[in-house]
Amino acid sequence: MAIVINAHFNWQNNRGKGSLKYLLQQREIVARFVKGDQSTSQKKAKGRAVAAKIPAEVCGLKVPRRTFCNNIAAREHEENQGLPNNVVHYDIAIVGGGMVGMALACSLASMPLTKQLNVAIIDSNPALEGKTCIKKEDPPDPRVSTVTPATISLFKDVGAWQYVQQHRHAYFDKMQVWDYTGLGYTRYNARDVDKEVLGCVVENKVLHSSLLSCIQNTDLKKRIYPSRLNSMTLHQNHLPTMMDSTSSSLHASLAKLELSDGNSLYAKLVVGADGAKSRVRELTGFKTTGWYYSQNAVICTVEHKTENQCAWQRFLPSGPIALLPVGDKFSNIVWTMNPKESSACREMNENDFVKALNHALNYGYGPHPQSNLLGNNGDIFSWFRRDLTVSANECFEVPPDVVKLVSGRMVFPLSLRHANNYASKRVVLIGDAAHTVHPLAGQGVNLGFGDAFALSRIISEGIAVGTDIGEVHLLKKFEAERKRENIMMMAILDGFQKAYSVDFGPLNVLRAAAFHGAQYISPLKRSIISYASGQI
Amino acid sequence: MASRLLNRFPTLNNTAQHILSLPFLRSTVASPFLLHSRLYSEDVSSRVPNRSSLNQVELAKFSSIADTWWDAEGPFKPLHVMNPTRLAFIRSTLCRHFQKDPYCARPFEGLKIVDVGCGGGILSEPLARMGATVTGVDAVEKNIKIARLHSESGPETANIEYCCTTAEKLVEEQREFDAVISLEVIEHVADPAEFCKSLAALTVSNGATVVSTINRSMRSYATAIVAAEYILHWLPKGTHQWSNFLTPEELVLILQRASITVQEMAGFVYNPLTGQWTLSDDISVNFIAFGTKNSQ
């Protein structure tokens with residue numbers, strides 16, 4: 001658009017005393033729109049249903065007082081007229097009260113500028129309402145997450161980690177990764193990077209209930225809607241151009257959500273934390289990029305004779321198998337394989353399955369890697385010996401035997417999916433709604449928590465300077481920050497998946513070299529640990 | 001020159017870095033002028049309708065134009081991007097001056113603020129969200145209509161008082177405010193010294209005055225005029241008269257004569273890599289000054 005401006009400043013003598021009277025903005029400014037623009041704006045104006053600019057006092061459908069988070073004079077005149085009682089106004093509507101959605105709520109509640117926000121959480125999961133009692137005697141649920149030290153410190157910051165510690169959780173300070181060719185292995189130790197732990201394995205239900213307990217002990221103004229999102233109306237044009245009988249001009253720029261139980265609500269910002277099949281993403285029209293791996297993950301809980309304190313991951317021809325400590329004598333299995341094998345695994349009887357597990361974790365598919373590499377003369381990695389990490393001297397170990405299956409076997413298809421955009425006006429996606437990753441290394445939920453905490457920080461920064469929290473510029477800041485991080489992790493995990501989906505001699509040697517590199521080159525090793533811990 | 005000035009204000013914000021060294025990269029500094037560009041060719045003195053008597057066709061028309069003002073991806077995008085940085089300066093200086101809690105979401109609660117030259121209300125609305133009782137004035141009534149229409153769509157901004165008037169008329173009406181803010185306006189007025197006197201007259205004793213403008217430096221000539229008007233055509237040629245720009249020293253002086261003592265000053269720099277503006281001690285192009293009215 002071309003704007004032509006002519007400014008004339010009128011100033012005139014005032015009262016003869018020499019004091020000049022200027023008329024600050026009494027300048028005549030002429031703006032000329034280029035033709036194309038003019039016609040567009042006319043078209044816009046015509047196309048839009050004629051706007052009824054009715055002052056709030058007249059059109060006056062009111063919103064109950066309690067729903068405004070801030071004291072504003074504007075609501076005074078609304079006192080005597082009412083919107084239907086079930087239409088209320090929130091600052092933020094979090095669609096999906098899972099781990100990531102609750103983490104966002106906790107984080108909002110923990111910061112001075114965001115704790116006064118009025119938050120709606122929309123989720124039909126009954127766990128959000130009732131007290132789901134988690135009994136310590138129960139065997140662990142197979143749905144677990146490996147939380148990184150970065151996530152742990154975020155949880156501590158918002159005050160949720162204390163609740164996790166009241167339940168079963170398993171820190172681990174060692175990790176061993178090796179592959180079926182027997183050509184190499186890598187051991188990681190938290191002491192390599194002067195840390196206490198590499199991560200902590202926690203059942204998802206424990207993480208969720210901890211966040212729930214945390215939020216219940218804050219004074220965040222929140223309401224949980226045990227319902228689903230049906231539809232969402234966004235007025236992208238910011239202005240009250242459409243007036244219907246259920247909205248006053250005060251709400252015209254907000255997002256309107258309609259729920260399956262008939263409730264509707266308005267929000268300045270809608271956060272889609274509703275998982276891989278996000279309804280918010282669908283309703284907003286965000287496109288995604290991704291693919292299925294034609295692999296399934298079989299997950300279950302198993303028991304050992306002794307306590308397992310190390311995280312194990314072995315790459316097999318069909319995909320990686322991970323054995324994660326979950327506390328006591330229990331471990332969690334995440335075993336990826338092709339769909340045919342996975343259904344066979346689910347069908348076979350328990351004893352055969354336990355045998356198959358031990359086979360996969362021990363001698364199956366190939367020999368144990370040699371651990372005396374350092375002893376060889378002329379070792380190509382000898383240059384790095386001076387600065388060896390603690391774990392470089394650790395020998396290959398065989399993971400503890402599985403003695404018993406203590407949960408059902410669940411099978412999930414694996415996919416990678418990434419939303420091309422995370423943010424638009426009044427809508428933002430976090431967690432699996434924005435990205436689902438290969439479960440390798442258990443990074444998925446950490447990326448989601450990273451999203452949640454980053455979003456609340458950016459909202460807080462916006463509030464500090466009086467920004468409308470649904471403003472697209474603010475949300476794009478979040479998108480730019482998180483996209484970079486998420487895509488990097490997704491690319492790495494996808495690369496691993498692809499590197500191991502081929503069983504081909506030279507490639508196997510390359511992989512082995514990568515293992516040796518990771519095992520003996522200390523700076524590389526430290527970087528890998530730091531990255532996997534969420535420190536970079 | 002700038003550093004000499006900075007030494008006089010020890011509290012200046014010195015944190016931001018000089019990321020930009022090439023002046024042409026900073027061409028977007030010219031964008032704030034858009035704030036006061038007028039989008040209409042019609043006579044500004046046409047009838048001022050009151051809020052409730054707007055006819056629907058007019059309203060639809062204004063809505064579509066207000067969309068441009070408020071379209072975050074539209075022609076005013078650079079302004080929207082710069083706004084948080086200006087507000088960060090205002091927030092920190094006013095919180096300190098009025099001893100407000102900076103960890104409060106609405107620190108300006110109880111403060112009466114006037115935004116002189118409010119345009120579409122891009123500054124007034126955030127100030128209202130921060131709790132202030134805001135009056136936005138602009139001499140162009142259509143800007144006021146747009147600002148009003150936009151502010152009414154949000155509950156926190158609906159109580160902003162927008163008036164189609166000038167600073168001077170407000171003085172005549174004997175209005176007074178705790179803080180008087182006028183951003184990117186002074187370079188357009190005919191007599192900056194008189195303008196500052198009006199701003200001072202609107203400010204209560206010990207109140208605050210915040211003014212931002214463009215320096216009269218070689219770099220501002222290169223960026224705001226040569227780059228923005230002649231090379232990038234962001235602004236029509238002749239929008240700005242370089243000779244009308246004020247240097248920080250001159251601004252300090254004329255504010256001082258209007259009995260406002262400048263306490264802090266900061267510059268804005270644009271980082272083209274992040275697309276963000278930051279506060280800086282580099283006041284060679286865009287700068288903002290915070291002053292307090294001397295008690296009489």
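Below, chains carry the letters A, B, ... as their sequence lines are ordered, and counting in each starts from 1. Quick caveat, the model's predicted, so the values are computed rather than measured.
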S.K.: If I measure from the heavy atoms of chain A, does P107(B) come under 4.5 Å with its side chain, its backbone, both, or neither?
M.R.: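 Neither; nothing under 4.5 Å.
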S.K.: Where does K477(A) contact chain B at under 4.5 Å (heavy atoms): side chain, backbone, both or neither?
M.R.: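 Only the side chain of K477(A) comes within 4.5 Å of chain B.
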S.K.: If you count heavy-atom pairs within less than 4.5 Å of chain B, which of P112(A), A464(A), S460(A) leads?
M.R.: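 If we count pairs closer than 4.5 Å to chain B, A464(A) comes out on top.
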S.K.: About how many Å separate NZ of K268(A) and CG of N118(A), when rounded to the nearest 0.5 Å?
M.R.: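 The distance works out to 9.0 Å.
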S.K.: Who pairs with T133(B) by side chain to side chain contact (heavy atoms under 4.5 Å, CB included), at least two apart in sequence or on another chain?
M.R.: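 If we apply the side chain to side chain contact (heavy atoms under 4.5 Å, CB included) test to T133(B), skipping adjacent residues, the hits are K112(B).
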S.K.: Would one find more than 12 heavy atoms of other residues, nucleotides or ligands at under 6.0 Å from atom CG of N420(A)?
M.R.: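 Check passes, neighbour count above 12.
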S.K.: Just checking, is any N or O donor in the side chain of T213(B) or E187(B) under 3.5 Å from an acceptor N or O on the other one?
M.R.: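 Side-chain D/A pair, T213(B) to E187(B): present.
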